[in-house]
Every structure is written in C-alpha cells, then in structure tokens.
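Keep in mind that this is a model prediction, so the values were computed, not measured.
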Amino acid sequence: MPSPPETAVSRCPLCSICCPVGAEVDGLGHGTMQFPADSGFEGGACARGLAASHLLRSDARIYEASVDGRPMVPEDALEAVADMLGNYEASEVAVMLDAYRPLETLSRAAELVSAALPKALLCTGLPPGDPALLDAGLAAEVAPVNLEECDLVLALGDPFSTHPPVSRHLRNMQLAERGNRLLVVSSAVGRTGLGADRCMTVHPGRLAALTCALAVECGANEVSSALGGADADAICDESGVPPSMVEELAGALDEADTGAVVLANPAGYCCRPHAVVRGAAEAARESGARLHPLYASPNASAAAEIGRMPPVLKAMRDGRVRAAVVLGFDPMGRMAPAVWGEAAEELEFVVHAAPVRTRFAREADALLPLALPWEESGTLGAVDGGQVRSSAWASLPEGVVSMDGLLEGLAYHLGADASASGRAESPEPRPVPVERVVGEDVLEGHEPADGCATMVAEPQVYADGNTAWLEVSSWTRRMAGSEAAVMGPGLAEELGLQDGEPVSLGDDRVVLDCEVREGMPDGVVAVPSHRESVRSLLHWHATEDVISVGPAEVEIRSAE
Amino acid sequence: MPEFDGADRQLVLEPDRCIGCLSCAAACFMGHRDTPNLHYEELERWTGMPAVCRHCEEAPCLESCPADAMYEGESGAVMRSRVLCTGCRSCSLACPFGVLNAETVRRQVAKCDICVDRLEEEPDALPRCVAVCPSGALKFLDPEEEVPEAGYVLVSGRVVCESHRV
C-alpha cells in the first residue's frame, strides 16, 4: 500500500511532538487507533494520544446545546447566546480559546472575535508550563532527534512523562556508547529520573536557585548581575542548595563534547518557573550545550500572540468583565479551581463550548457542543520548529460544531461581517529581561513546618494538557493506574508509613496511598494533579503576568 | 493480499528501556476492544513489563484446549478461534507464563494474535503495542538475527541476551 501523502497524516495535537497517529470510529461507537507504519518513531502515539481517542465517543461527550438548562439546536443556542451577549458592552466580554487547536482555527477565531466583539478581551488557555519558555524567548526549533548524537543530556523535569516520544532518543543516547549520560534535575523522581544515569532532586523552592547557580557557575553574567553580582557559592549558601551539586552539573556540561539541555516543560510544576527556565537556558548557552525547550502546546507561540490568560483574569477579578465565552477547554482543569473561582466570582453570564461534560460545563449558563481537537484539520507547530499538516482523526458527530463554525454562527448573530479579516499583526513576543524574572526571591530557602510537607505536582502522562479527561473517562483513569502520594523513605519513616498505606493531606481533604520512592527530597510529597481536590491543595501564583503552580505547604499525616 | 510472514519475528522486550507509560496496554485495548490481551505487570517496585502471549513452539495452551479453539496459524503464531472458545479457562491454567486471562463477561479467553490483522495487510507493519512504544522497549524482530545492542532482552519470557554497554 503506498504511503499516504504528508497532507493526509493525522497528528496528535496534545504536545509539541505532534506524533503521526490516527483513529477510526465505526458505526457502533467504537474507536480504533491506527498507527501508520511509515511515520516517524515506528509510527504511533503515546498513552496520551491513545487516551484521547477514547474520548471520541465518551459517555461524557456533549451532543446537545443548552441555554439556562433548556436543550436546543446549536443554531438557536447561538442566537440566544448572541442576544444575551448583546446586553453587555463588548469590553465587558472575555473570549478564551483553547490553545491546542490548529493555527488556522486560532487565527480565524481571533478574526471573528475582532469582527463581532471588537473591544472584547481575547486570550488563549495556554498550559501552565509554556509561558515561561515563551518569555525566555526560546523557540522550539531544535528537533529532539539530535539528542541521540549527544554524550550528555541534562533534563530538567520529567520529559518521559510530559513528552514520552523523547524517551526513545534519550534511551538511544544512553545506550549508544559507554560514558553517554542522562542527568536529571527535578523536584521529584519521575519516569525520567528512574531511567537516568544520575537523578538529582532538590526541594522545589530551591530549584530556581540551583539553575541560577548553575548558570553563574557556567559564566552567565546576566544572571549573576540580576542577583547582585553573587557567585555560585553565594547563591548556594543563601538558598541551601548543595554547592557540590552545582559543581557536578557544571563540570559535566563543561566536559561534554556534545551536551544538551532538555527543558521538559518544568515550569508548570515548580516554584518560580521563569527563573528556572532562564537559569537553565543561560547555563546551556554558556556551556555550549544545545537547548531543547519542549512545549506542551504545539501552537504555543501563535496562541500567546493572540492573547494570554493572566491579564484577562485580572480584568475579571477587577470586575471589568461581566460575561465570558470559554471555547474548547476547561479553565478549572487547566489551572487551580481557586484561581478561576476567584476571578469568575463577578461573572454574570458564562458561555462554554465544550466537547465533554465537566463540572465547569455543568455550571455554565450556556453550553455548546464543540469538536474535539482531533476532529479538526489544520496546521500544527511541531517541536522541530516547522509546521505540519494534520487531517482530522474522525468526522464531526451529528450536532457537534467546529470552533470555526461556532464562532462564525456567533459572529453572524451578533451582526458582524463574518468574512471580515485584517486582524492587526501582533508583534513578535520578546524575551522578558532577566532581572524581571531572576531576583532576590530565588535565594529564599524553604523548609516545611513540623507536621507539614511541601507538595509538588507530579507530571503524569495522562493528565498533562487537559486534566478534565481523567475526570470524565473511567477508561483513562484505569489505564493511568493508581494515584499515590510519592515521598522519600525519610518522610515515610517520620510519618510511620509503609509503602501502600494511606496518607492524609491537607487536614483529610485528600487521602492517597503512600508510595515510597528512593531519591525524593526530604519533606517533599509529589501528587497527581488531575483530581480537583488535589489541585486545590497546590499553591498557585496568579499575577498580572503569570499563572503557575508553586510548592505548597500541606499538613501531612498517616490516615490510619 | 501480501503473504504474512511473521513466523521469524517475535515480540522482544528490553526492560531497561521501558518507562512504564502503559502505551502498549492502551494500544492493545484500543485495537482489541472486545478482548484486550496485553497486561502491564509490575515485576518489582519500579520495574514492569508487558505480559503477553509468548507464542510457544510447543504451546501447552494448545494441548489443553478441549474445544480445539487454540491452533497454530500458518505464521507459527498460536491463535485462538473466537467461535470455538468457550471460556473454560483450561488454557489459562496451562499457560506457564500466566498471560492468558479469561474474560468472565464474554466467557472467552483473551489471546494475543500479534495484531495479525495489521500484519496481513502490510507485512512490514508492527503489532500495535510495538508501534506505540515511545521508548523502543518493545520490538518485533527475529531474535536470531537482530538482537538489541544493550540490556536484558526477553523473548518468549526468557532472558536470551545480557549485553553490557560498550
């Protein structure tokens, strides 16, 4: 059978790797994955892509529109929504788009919003890790396949979980020649740490200090001056980072003939993510290592140009926004429920176009059935810096509307010329100056109080991107395996816990089984973040510029 | 239709490469929705491996089946007739590797067919579990000719190679 043309290949849009993959849906509601034999890494997708296909005909799929609880056909619902939005000034409306959609869809959506609601606030729901990479000016332009040529790779975070296909290249690199090494620096021991030649863990509050000290040790003057001219030893002294760790990492990068640094979307899971990214990027530059920033969203750069979420959330908190139109993603699944809840308190009217029924969808005033990302064709920005065409995995089910169609209908009912275009070109995003993201606060050490542990989110291959899936798909939950609170032997012994015993977090708000894992930093517990009750325990920073997960101190004890 | 020639190739696992993402189990589930037959089992606390039919040369399951539902296909793979299988679990008891699990609801025993539907269509295709393995831990090859370069290699449930990094 001849190979399908490039334009006919379906791609997985769930991370920037954009793996070739496909799904077929039969008339009985069953989905079957297809793996093109001639496509890339032996052709296929990781568990995340496979789980996505299960949602094509999930029980939680939305096939019917409703306004104020009254079911209606999508066209009538759009008219009703337009009538309701007409009660507000355009500047009082916020429109939020899913960042995992094709470039054409994002662009067209921005045009239509500009035409229909010219003064509305427009933004995209980027995954929490990507803004820090964008703000550092890091382009996803180095294909991860080159990792196999390296003799040393320093991975920050857990790329095996966030971008599983990268594991093939890193494994090949490790096994190609004696001496090739994979070093991992993270706040928890994840899949990558377990497969690394050396896994170094530090308290999440000290990760930024570690990367900045590493940058300074490698000769990064900008980071040093942002910290008042401090040298690596001074940074270590102040923050409590072991100097030997910095020296070992700097020595390894210096000695490597072909070194590489993989920034595996760590920013969503650590404290002061911008400083972590900037420190690691500067260290790579100074040591001559190739840098591989792995974005979570394939179209992060384009999505960021359209607009970011933090200023819109601030406008919501200030009461300047009274109505919100959320298209394609669940804001309570992509950020802390509290962060969204605080901002959404003043909202009078919420429209949600969603593929699956989540708690947020149930609470929306108007609900519109929307296509899943893999039911739309278009262009995706791949990790190698190029763009790939992706054809839809499956056709639209009856009653479900594409994002283009939905916005065109809404624009029509709002009286706008849907053919209007000419969205002003956004300027290229510029890197944020280093002194704005690396400051004295990175030197603050942190120790949890008695009876508490510092909690970090453990990236899970199933949960990254859209945590709502785990909540609405029992199959995905089953495949994801048991949920556990991962801690080191020291903390487990202190709490009198054995492996598998229940542990209580946050004054019994969450009870999980304990998993004892060697190498975890003292006083740190890593938890899966897809469950809302767990996510609400994490500490989230939401400023005008940044929304990010940070370490949270949480009460911890044996639940027995 | 091209002739399926999968007799020389077997599922090969390098446990050192496995990252435990369960993609193999997910792919098997998606491809064999009625009777998924690859299970990911923990060997030790942090080590696991996909447990799947080894397609034994002298297959005890084949000998034990009272309904003649188990048979050796032309490719040499041990197959199961969905029509003849009564779910009596004789093969489950006979399997020395414990990888044949009875499906109690449908009264059938799930059985790996190395995705023969794909291989018949395209001889160079890979079983679904191999195709999706993101770390290259699972391979489908002729172990007598192509042995992965490093690590332990499990074929038919036995370590056939333990090489060291060079």
Please confirm whether the backbone N or O of S135(B) pairs with a side-chain atom of R171(A), one donor and one acceptor, at under 3.5 Å?
no
Kindly give the heavy-atom pair with the smallest separation between S167(A) and P134(B), and that separation in Å.
OG-O, 3.3 Å
Any chance CG of D142(B) has more than 12 other-residue heavy atoms, nucleotides or ligands included, within less than 6.0 Å?
yes
Within a strict 4.5 Å, meaning less than it, do heavy atoms of the R168(A) and I19(B) side chains meet?
no
CD (E14(B)) and CG (L175(A)) are apart, to the nearest 0.5 Å, by 6.5 Å
Of the non-hydrogen atoms in L50(A) and S23(B), which two are nearest, and what is the gap between them?
CD1-O, 3.4 Å
To the nearest 0.5 Å, tell me how far C21(B) SG sits from R48(A) CZ.
10.5 Å
